[in-house]
Amino acid sequence: MHPTRRQLLLAGASLAVAPTLATAADAPRFVFVILRGGLDGLTAVPVPGDPAFAEARGPLGRFEAFDAAPRPLDGPFALHPLLPQLHAMHGRGELLVLHATGLPYRERSHFDAQNVLEHGGVKPHELATGWLARALPHVAGSRAVALDTAVPLVLRGAASVDTWAPSTLPSPDADLVARLSTMWQGDAALATALARARGLRDDPDMAGMSLGAMATGGGRRAAVALAGKAAEFLQRGSTIAVLELGGWDSHANQGAPNGATSNNLRTLDAAMDALRSGLQEGGTWARTVVIVATEFGREVAVNGTLGTDHGTGGAAFVLGGAVRGGRVLADWPGLAKAQRFEGRDLRVTTDLRAVFRTVLAEHLRVPRAALDATVLPGSAGLRGLPLFG
(Lines give C-alpha, C1' and ligand atoms only; values in the text may rest on other atoms or scores of the structure.)
Protein backbone atom coordinates (compact mmCIF):
# COMPACT_ATOMS: atom_id res chain seq x y z
CA MET A 1 0.00 0.00 0.00
CA HIS A 2 1.24 3.49 -0.84
CA PRO A 3 0.69 6.28 1.70
CA THR A 4 -1.62 9.07 0.67
CA ARG A 5 -0.44 12.68 0.48
CA ARG A 6 -2.38 13.48 3.65
CA GLN A 7 -0.75 10.62 5.55
CA LEU A 8 2.68 11.88 4.53
CA LEU A 9 1.83 15.39 5.68
CA LEU A 10 0.59 14.12 9.03
CA ALA A 11 3.70 12.01 9.51
CA GLY A 12 5.92 14.96 8.66
CA ALA A 13 4.11 17.21 11.11
CA SER A 14 4.30 14.63 13.87
CA LEU A 15 8.03 14.13 13.36
CA ALA A 16 8.91 17.82 13.18
CA VAL A 17 10.03 17.81 16.79
CA ALA A 18 11.95 14.51 16.58
CA PRO A 19 15.45 16.04 16.14
CA THR A 20 14.97 18.14 19.27
CA LEU A 21 13.77 15.12 21.23
CA ALA A 22 16.70 13.00 20.09
CA THR A 23 19.38 15.57 20.91
CA ALA A 24 17.84 16.17 24.35
CA ALA A 25 17.75 12.48 25.33
CA ASP A 26 20.82 12.56 27.57
CA ALA A 27 20.73 16.23 28.54
CA PRO A 28 20.46 17.35 32.18
CA ARG A 29 16.94 18.09 33.38
CA PHE A 30 15.82 21.01 35.50
CA VAL A 31 12.49 21.74 37.22
CA PHE A 32 11.56 25.01 38.89
CA VAL A 33 8.64 24.80 41.34
CA ILE A 34 7.16 28.14 42.42
CA LEU A 35 5.22 28.19 45.70
CA ARG A 36 3.03 31.27 45.31
CA GLY A 37 1.80 33.07 48.39
CA GLY A 38 4.80 32.97 50.72
CA LEU A 39 5.66 29.62 52.32
CA ASP A 40 6.41 29.96 56.03
CA GLY A 41 9.88 28.46 56.13
CA LEU A 42 9.76 28.00 59.90
CA THR A 43 6.70 25.79 59.56
CA ALA A 44 8.07 23.68 56.68
CA VAL A 45 11.55 23.59 58.23
CA PRO A 46 11.26 24.28 61.97
CA VAL A 47 14.39 24.90 64.01
CA PRO A 48 13.66 23.33 67.41
CA GLY A 49 17.36 23.48 68.29
CA ASP A 50 17.40 27.28 68.23
CA PRO A 51 17.09 28.43 71.88
CA ALA A 52 14.56 31.11 70.90
CA PHE A 53 12.39 28.87 68.69
CA ALA A 54 9.73 27.76 71.19
CA GLU A 55 9.10 31.21 72.63
CA ALA A 56 9.30 32.98 69.26
CA ARG A 57 6.85 30.65 67.53
CA GLY A 58 4.37 30.06 70.34
CA PRO A 59 1.58 27.70 69.23
CA LEU A 60 3.16 27.36 65.76
CA GLY A 61 6.21 25.76 67.36
CA ARG A 62 4.21 22.87 68.80
CA PHE A 63 3.32 19.82 66.73
CA GLU A 64 1.27 17.63 69.09
CA ALA A 65 -1.80 17.98 66.88
CA PHE A 66 0.02 16.12 64.08
CA ASP A 67 0.64 13.00 66.21
CA ALA A 68 4.31 13.16 65.20
CA ALA A 69 7.35 15.17 66.07
CA PRO A 70 9.25 17.22 63.48
CA ARG A 71 11.47 14.96 61.39
CA PRO A 72 15.13 15.55 62.33
CA LEU A 73 17.68 16.99 59.91
CA ASP A 74 21.19 18.31 60.52
CA GLY A 75 21.94 20.19 63.71
CA PRO A 76 19.06 22.31 65.01
CA PHE A 77 16.87 21.82 61.93
CA ALA A 78 13.90 19.54 61.21
CA LEU A 79 11.18 18.97 58.62
CA HIS A 80 7.47 19.31 59.29
CA PRO A 81 5.82 15.97 60.17
CA LEU A 82 3.70 16.26 56.99
CA LEU A 83 6.76 16.04 54.71
CA PRO A 84 7.69 12.34 54.97
CA GLN A 85 8.65 11.91 51.30
CA LEU A 86 10.95 14.93 51.33
CA HIS A 87 12.48 13.59 54.52
CA ALA A 88 13.06 10.23 52.81
CA MET A 89 14.78 12.03 49.93
CA HIS A 90 17.01 13.78 52.46
CA GLY A 91 17.89 10.40 53.92
CA ARG A 92 18.79 9.08 50.45
CA GLY A 93 21.01 12.07 49.77
CA GLU A 94 18.61 13.53 47.20
CA LEU A 95 17.44 16.64 49.08
CA LEU A 96 19.22 19.78 50.19
CA VAL A 97 17.36 22.15 52.53
CA LEU A 98 18.26 25.83 52.42
CA HIS A 99 17.22 28.09 55.27
CA ALA A 100 17.38 31.81 55.97
CA THR A 101 17.24 32.30 52.20
CA GLY A 102 15.41 34.90 50.15
CA LEU A 103 15.61 37.68 47.60
CA PRO A 104 17.23 41.13 47.59
CA TYR A 105 13.66 42.47 47.74
CA ARG A 106 12.78 43.45 51.32
CA GLU A 107 9.23 44.77 51.03
CA ARG A 108 6.10 42.69 51.63
CA SER A 109 4.08 42.70 48.40
CA HIS A 110 3.26 39.28 46.92
CA PHE A 111 3.10 40.68 43.40
CA ASP A 112 6.37 42.58 43.55
CA ALA A 113 8.21 39.74 45.29
CA GLN A 114 6.98 37.16 42.76
CA ASN A 115 8.05 39.51 39.98
CA VAL A 116 11.60 39.65 41.41
CA LEU A 117 11.66 35.88 41.99
CA GLU A 118 10.87 35.29 38.33
CA HIS A 119 12.81 38.00 36.54
CA GLY A 120 15.94 37.43 38.62
CA GLY A 121 16.90 41.02 39.27
CA VAL A 122 16.85 43.17 42.38
CA LYS A 123 13.91 45.55 42.04
CA PRO A 124 10.32 44.86 40.99
CA HIS A 125 9.59 45.32 37.28
CA GLU A 126 13.15 46.25 36.33
CA LEU A 127 13.31 43.37 33.84
CA ALA A 128 10.63 42.31 31.36
CA THR A 129 11.85 38.74 30.81
CA GLY A 130 12.55 35.80 33.13
CA TRP A 131 15.94 34.54 34.30
CA LEU A 132 15.24 31.03 33.08
CA ALA A 133 14.10 32.32 29.67
CA ARG A 134 17.32 34.31 29.35
CA ALA A 135 19.32 31.18 30.22
CA LEU A 136 17.66 28.96 27.59
CA PRO A 137 19.74 30.12 24.59
CA HIS A 138 22.88 29.09 26.50
CA VAL A 139 21.67 25.57 27.34
CA ALA A 140 22.48 23.07 24.59
CA GLY A 141 19.41 21.27 23.24
CA SER A 142 17.07 22.96 25.70
CA ARG A 143 13.32 22.61 25.37
CA ALA A 144 11.13 24.12 28.08
CA VAL A 145 7.54 23.43 29.08
CA ALA A 146 5.30 25.28 31.54
CA LEU A 147 2.67 23.11 33.20
CA ASP A 148 0.11 25.89 33.11
CA THR A 149 -2.36 27.60 30.80
CA ALA A 150 0.07 30.48 30.21
CA VAL A 151 3.84 30.95 30.23
CA PRO A 152 4.96 32.30 33.63
CA LEU A 153 7.29 35.29 33.71
CA VAL A 154 10.32 33.15 34.58
CA LEU A 155 10.06 31.53 31.11
CA ARG A 156 9.01 34.61 29.13
CA GLY A 157 11.59 35.77 26.63
CA ALA A 158 12.85 35.26 23.12
CA ALA A 159 13.05 31.45 23.29
CA SER A 160 10.12 29.26 22.27
CA VAL A 161 8.37 27.61 25.22
CA ASP A 162 5.66 24.93 25.29
CA THR A 163 2.70 25.05 27.66
CA TRP A 164 0.46 22.21 28.74
CA ALA A 165 -2.55 22.15 31.02
CA PRO A 166 -5.51 19.78 31.24
CA SER A 167 -8.22 20.99 28.90
CA THR A 168 -11.88 21.54 29.65
CA LEU A 169 -12.60 21.22 25.90
CA PRO A 170 -12.85 18.05 23.81
CA SER A 171 -9.84 17.07 21.70
CA PRO A 172 -9.92 18.39 18.12
CA ASP A 173 -11.24 16.07 15.43
CA ALA A 174 -8.51 14.17 13.59
CA ASP A 175 -9.79 15.41 10.24
CA LEU A 176 -9.55 19.02 11.46
CA VAL A 177 -5.92 18.46 12.48
CA ALA A 178 -5.20 16.94 9.07
CA ARG A 179 -6.77 19.93 7.29
CA LEU A 180 -4.72 22.32 9.40
CA SER A 181 -1.56 20.39 8.53
CA THR A 182 -2.36 20.75 4.85
CA MET A 183 -3.30 24.41 5.17
CA TRP A 184 -0.20 25.38 7.16
CA GLN A 185 2.42 23.26 5.41
CA GLY A 186 3.75 26.29 3.55
CA ASP A 187 4.11 28.41 6.70
CA ALA A 188 7.11 27.32 8.74
CA ALA A 189 6.00 29.04 11.95
CA LEU A 190 2.45 27.65 11.90
CA ALA A 191 3.57 24.18 10.83
CA THR A 192 6.13 24.05 13.63
CA ALA A 193 3.58 25.28 16.18
CA LEU A 194 1.13 22.58 15.14
CA ALA A 195 3.81 19.89 15.30
CA ARG A 196 4.86 20.99 18.78
CA ALA A 197 1.24 20.97 19.93
CA ARG A 198 0.74 17.49 18.54
CA GLY A 199 3.93 16.36 20.21
CA LEU A 200 2.45 17.45 23.53
CA ARG A 201 -0.97 15.87 22.94
CA ASP A 202 -0.35 12.74 20.85
CA ASP A 203 0.49 10.44 23.73
CA PRO A 204 -1.90 7.71 24.88
CA ASP A 205 -1.13 8.59 28.50
CA MET A 206 -2.40 12.14 27.89
CA ALA A 207 -5.63 11.08 26.24
CA GLY A 208 -8.83 11.82 28.09
CA MET A 209 -7.15 13.84 30.83
CA SER A 210 -9.45 16.76 31.49
CA LEU A 211 -9.16 19.51 34.05
CA GLY A 212 -12.22 18.17 35.81
CA ALA A 213 -10.75 14.68 36.00
CA MET A 214 -7.49 15.97 37.42
CA ALA A 215 -9.22 18.16 39.97
CA THR A 216 -11.47 15.39 41.26
CA GLY A 217 -10.36 14.62 44.77
CA GLY A 218 -9.05 18.13 45.42
CA GLY A 219 -5.97 20.21 44.73
CA ARG A 220 -3.57 17.52 45.89
CA ARG A 221 -4.64 15.12 43.17
CA ALA A 222 -4.38 17.86 40.55
CA ALA A 223 -0.88 18.84 41.70
CA VAL A 224 0.28 15.22 41.77
CA ALA A 225 -1.11 14.69 38.26
CA LEU A 226 0.67 17.80 36.96
CA ALA A 227 3.94 16.69 38.56
CA GLY A 228 3.50 13.31 36.90
CA LYS A 229 2.93 15.01 33.54
CA ALA A 230 6.04 17.11 34.05
CA ALA A 231 7.98 13.88 34.53
CA GLU A 232 6.50 12.49 31.31
CA PHE A 233 7.52 15.56 29.32
CA LEU A 234 11.03 15.41 30.76
CA GLN A 235 11.22 11.72 29.80
CA ARG A 236 10.03 12.45 26.26
CA GLY A 237 12.47 15.22 25.38
CA SER A 238 11.70 18.40 27.30
CA THR A 239 14.70 19.42 29.37
CA ILE A 240 13.21 22.16 31.56
CA ALA A 241 9.81 22.34 33.27
CA VAL A 242 8.12 24.92 35.48
CA LEU A 243 5.35 24.07 37.96
CA GLU A 244 3.36 26.33 40.27
CA LEU A 245 1.64 25.50 43.55
CA GLY A 246 -0.45 28.32 45.00
CA GLY A 247 -2.24 29.08 48.24
CA TRP A 248 0.70 29.57 50.63
CA ASP A 249 -0.53 32.87 52.13
CA SER A 250 -1.17 31.82 55.73
CA HIS A 251 -2.59 34.69 57.77
CA ALA A 252 -4.94 32.54 59.89
CA ASN A 253 -5.13 29.11 61.55
CA GLN A 254 -1.77 28.14 60.11
CA GLY A 255 -1.18 25.30 62.55
CA ALA A 256 -4.53 23.53 62.04
CA PRO A 257 -3.84 19.87 61.12
CA ASN A 258 -6.42 20.00 58.32
CA GLY A 259 -6.06 23.68 57.49
CA ALA A 260 -4.80 25.21 54.26
CA THR A 261 -1.12 25.25 55.21
CA SER A 262 -1.14 21.63 56.37
CA ASN A 263 -2.93 20.51 53.23
CA ASN A 264 -0.46 22.47 51.09
CA LEU A 265 2.45 20.72 52.80
CA ARG A 266 0.83 17.35 52.08
CA THR A 267 0.35 18.44 48.46
CA LEU A 268 3.95 19.57 48.05
CA ASP A 269 5.24 16.32 49.54
CA ALA A 270 3.03 14.15 47.32
CA ALA A 271 3.79 16.17 44.16
CA MET A 272 7.56 15.98 44.64
CA ASP A 273 7.27 12.24 45.28
CA ALA A 274 5.27 11.85 42.05
CA LEU A 275 7.86 13.85 40.11
CA ARG A 276 10.67 11.72 41.51
CA SER A 277 8.84 8.45 40.84
CA GLY A 278 8.03 9.42 37.26
CA LEU A 279 11.59 10.43 36.48
CA GLN A 280 13.16 7.47 38.23
CA GLU A 281 11.12 4.97 36.22
CA GLY A 282 12.72 6.19 33.01
CA GLY A 283 16.20 6.68 34.44
CA THR A 284 16.07 10.47 34.17
CA TRP A 285 16.04 11.28 37.90
CA ALA A 286 19.81 10.85 38.11
CA ARG A 287 20.24 13.81 35.71
CA THR A 288 17.60 16.03 37.34
CA VAL A 289 17.75 19.05 39.66
CA VAL A 290 14.60 20.59 41.15
CA ILE A 291 14.47 23.97 42.90
CA VAL A 292 11.42 24.67 45.09
CA ALA A 293 11.20 28.33 46.07
CA THR A 294 8.70 30.94 47.23
CA GLU A 295 8.63 34.73 46.97
CA PHE A 296 9.25 35.46 50.66
CA GLY A 297 8.96 33.95 54.11
CA ARG A 298 6.70 35.01 56.97
CA GLU A 299 7.12 36.91 60.20
CA VAL A 300 8.60 34.81 62.98
CA ALA A 301 5.88 35.50 65.58
CA VAL A 302 2.31 34.26 65.36
CA ASN A 303 -0.31 36.95 64.66
CA GLY A 304 -3.66 37.50 66.34
CA THR A 305 -5.46 35.00 64.08
CA LEU A 306 -2.97 32.16 64.69
CA GLY A 307 -1.23 32.70 61.38
CA THR A 308 1.79 34.64 60.15
CA ASP A 309 2.07 37.83 58.15
CA HIS A 310 4.32 38.64 55.20
CA GLY A 311 8.04 38.50 55.97
CA THR A 312 11.38 38.12 54.21
CA GLY A 313 13.67 35.14 54.99
CA GLY A 314 12.40 31.60 54.55
CA ALA A 315 13.29 28.12 53.32
CA ALA A 316 13.87 26.57 49.89
CA PHE A 317 14.59 23.05 48.65
CA VAL A 318 16.98 21.66 46.05
CA LEU A 319 16.33 18.03 45.19
CA GLY A 320 17.12 15.50 42.52
CA GLY A 321 19.36 12.60 41.64
CA ALA A 322 22.10 15.00 40.52
CA VAL A 323 22.21 16.80 43.89
CA ARG A 324 24.59 16.01 46.75
CA GLY A 325 21.85 16.08 49.32
CA GLY A 326 21.30 14.89 52.85
CA ARG A 327 22.34 18.28 54.20
CA VAL A 328 21.02 21.64 55.37
CA LEU A 329 22.75 24.73 53.99
CA ALA A 330 22.20 27.71 56.24
CA ASP A 331 24.19 30.59 57.66
CA TRP A 332 21.78 30.61 60.58
CA PRO A 333 21.08 34.12 61.95
CA GLY A 334 19.03 33.10 65.00
CA LEU A 335 15.44 33.75 66.03
CA ALA A 336 15.82 36.03 69.04
CA LYS A 337 14.06 39.32 68.44
CA ALA A 338 17.33 41.25 68.25
CA GLN A 339 18.53 38.84 65.55
CA ARG A 340 15.49 39.31 63.31
CA PHE A 341 15.23 41.62 60.32
CA GLU A 342 13.38 44.74 61.50
CA GLY A 343 12.69 42.82 64.71
CA ARG A 344 10.08 40.79 62.84
CA ASP A 345 11.44 38.42 60.20
CA LEU A 346 13.96 35.65 59.77
CA ARG A 347 17.00 37.45 58.38
CA VAL A 348 18.11 36.53 54.83
CA THR A 349 21.71 35.26 54.84
CA THR A 350 21.67 33.34 51.52
CA ASP A 351 20.50 35.03 48.33
CA LEU A 352 18.22 32.76 46.28
CA ARG A 353 20.00 33.98 43.16
CA ALA A 354 23.12 32.17 44.41
CA VAL A 355 21.09 28.96 44.24
CA PHE A 356 19.94 29.80 40.70
CA ARG A 357 23.48 30.71 39.61
CA THR A 358 24.97 27.50 40.94
CA VAL A 359 22.40 25.26 39.24
CA LEU A 360 22.61 27.18 35.96
CA ALA A 361 26.42 27.16 35.94
CA GLU A 362 27.20 23.68 37.23
CA HIS A 363 24.18 21.65 36.11
CA LEU A 364 22.94 23.36 32.93
CA ARG A 365 26.41 24.65 31.96
CA VAL A 366 25.39 28.24 31.33
CA PRO A 367 28.60 30.29 30.86
CA ARG A 368 29.43 32.53 33.77
CA ALA A 369 29.84 35.50 31.46
CA ALA A 370 26.21 35.08 30.38
CA LEU A 371 25.08 34.72 34.01
CA ASP A 372 26.80 37.98 34.89
CA ALA A 373 25.73 39.97 31.86
CA THR A 374 22.19 38.90 31.00
CA VAL A 375 20.80 35.90 32.88
CA LEU A 376 21.17 37.16 36.47
CA PRO A 377 22.50 40.71 36.14
CA GLY A 378 23.88 42.12 39.36
CA SER A 379 24.63 38.69 40.84
CA ALA A 380 28.32 38.36 39.90
CA GLY A 381 29.42 38.90 43.49
CA LEU A 382 27.40 35.98 44.85
CA ARG A 383 29.47 32.92 45.73
CA GLY A 384 28.51 29.51 44.45
CA LEU A 385 26.92 26.98 46.79
CA PRO A 386 28.08 23.38 47.37
CA LEU A 387 25.10 21.69 45.73
CA PHE A 388 26.98 19.08 43.68
CA GLY A 389 29.92 16.70 43.80
Side-chain angles (χ1 to χ4, degrees), residues 16-34 114-123 125-148 150-164 187-197 199-200 230 233-244 284 287-291 293 318 320 322 351-382 384-385 387-388:
V17 294
T20 303
L21 299 181
T23 57
D26 298 321
R29 299 318 200 247
F30 174 62
V31 184
F32 186 43
V33 181
I34 303 173
Q114 288 177 23
N115 183 263
V116 175
L117 174 68
E118 294 189 71
H119 72 48
V122 176
K123 300 176 182 178
H125 310 290
E126 67 174 338
L127 299 169
T129 57
W131 60 266
L132 192 47
R134 296 191 298 273
L136 287 178
H138 304 284
V139 180
S142 65
R143 184 180 178 190
V145 60
L147 279 294
D148 206 339
V151 178
L153 173 60
V154 71
L155 278 177
R156 287 185 212 156
S160 178
V161 173
D162 295 321
T163 61
W164 185 89
D187 188 304
L190 289 174
T192 299
L194 180 61
R196 290 173 75 90
L200 293 176
F233 285 128
L234 293 168
Q235 297 279 31
R236 296 171 56 220
S238 295
T239 55
I240 293 170
V242 173
L243 292 166
E244 303 181 23
T284 307
R287 302 193 302 277
T288 298
V289 172
V290 183
I291 295 177
V318 182
D351 194 318
L352 264 175
R353 295 175 304 155
V355 183
F356 303 158
R357 277 186 68 95
T358 303
V359 171
L360 290 172
E362 298 186 25
H363 183 62
L364 296 180
R365 305 298 177 187
V366 176
R368 295 184 187 278
L371 291 173
D372 296 344
T374 58
V375 178
L376 290 167
S379 70
L382 298 176
L385 299 175
L387 306 182
F388 306 101

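What you see is a predicted model; the values in this text were computed from it and never measured. Numbers for residues simply follow the sequence, beginning at 1.
The shortest distance between side-chain heavy atoms of Asp162 and Arg143 falls below 4.5 Å. Using a 4.5 Å cut-off on side-chain heavy atoms (C-beta onward), Val355 and Ile291 make contact. With a 4.5 Å cut-off on side-chain heavy atoms, Phe30 and Val359 count as touching. Within the 4.5 Å cutoff, the side chain of Val318 has no heavy atoms near those of the Val290 side chain.
Thr163 contributes atom OG1, which lies 10.5 Å from atom CG of Leu155 (distance to the nearest 0.5 angstrom). In this structure, the separation between OG1 on Thr239 and CG on Leu364 is 7.5 Å, given to the nearest 0.5 Å. Distance CG/Leu132 to OG/Ser142: 9.0 Å, rounded to 0.5 Å. Asp148 CG to Leu243 CG: the interatomic distance, rounded to the nearest 0.5 Å, is 9.0 Å. Taken to the nearest 0.5 Å, the CG atom of Leu382 stands 5.0 Å off from the CG atom of Asp351. Expressed to the nearest 0.5 Å, how far CD of Glu118 lies from CG of Leu153 amounts to 5.0 Å.
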- Verify side-chain contact (heavy atoms from CB on, under 4.5 Å) between Val31 and Val289, making sure each step is shown before the conclusion. CA-CA 6 Å; Val31 184; Val289 172; over 6 Å; no

- Using the side-chain contact (heavy atoms from CB on, under 4.5 Å) rule, take Leu147 and Val242 through it: C-alpha gap first, then chi angles, then the decisive distance, then the call. CA-CA 6 Å; Leu147 279 294; Val242 173; over 6 Å; no

- Can Val145 and Val161 be said to form a side-chain contact (heavy atoms from CB on, under 4.5 Å), step by step? CA-CA 6 Å; Val145 60; Val161 173; 5.9 Å; no

- Query: Could you go step by step and tell me if Phe32 and Leu117 meet the side-chain contact (heavy atoms from CB on, under 4.5 Å) rule?
  - Reply: CA-CA 11 Å; Phe32 186 43; Leu117 174 68; 4.3 Å; yes

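Shortest non-hydrogen contact noted between Leu376 and Gly120 is CD2-O, 3.6 Å. Taking every heavy atom of both residues into account, Ala146 and Pro152 meet most closely at CB-CD, 3.5 Å. Across all their heavy atoms, Gly384 and Thr358 have their closest contact at CA-OG1, 3.5 Å. The nearest pair of heavy atoms linking Val116 to Gly121 is CG1-O, 3.5 Å. Summarising the geometry of His119 relative to Thr129, their closest heavy-atom pair is CB-O, 3.3 Å, with the distance given to 0.1 Å. Taking each heavy atom of Val375 and Arg134 in turn, the nearest pair found is O-NH2, 2.7 Å.
Every pair passing salt bridge (Lys or Arg N to Asp or Glu O under 4.0 Å) that includes a residue from residues 354-376 is listed here, sequence neighbours excluded: Arg357-Asp372.
The aromatic rings of Trp131 and Phe356 sit parallel, their planes meeting at an angle under 30°, below the 60° perpendicular limit.
The main-chain N or O of Pro28 is never found under 3.5 Å from a side-chain atom of Arg287 such that the two would form a donor-acceptor pair. A distance-only check finds a donor-acceptor pair linking the side chain of Arg29 to the backbone of Ser238 [under 3.5 Å]. Not a single donor-acceptor pair under 3.5 Å links the side chain of Arg156 to the backbone N or O of Ala133.
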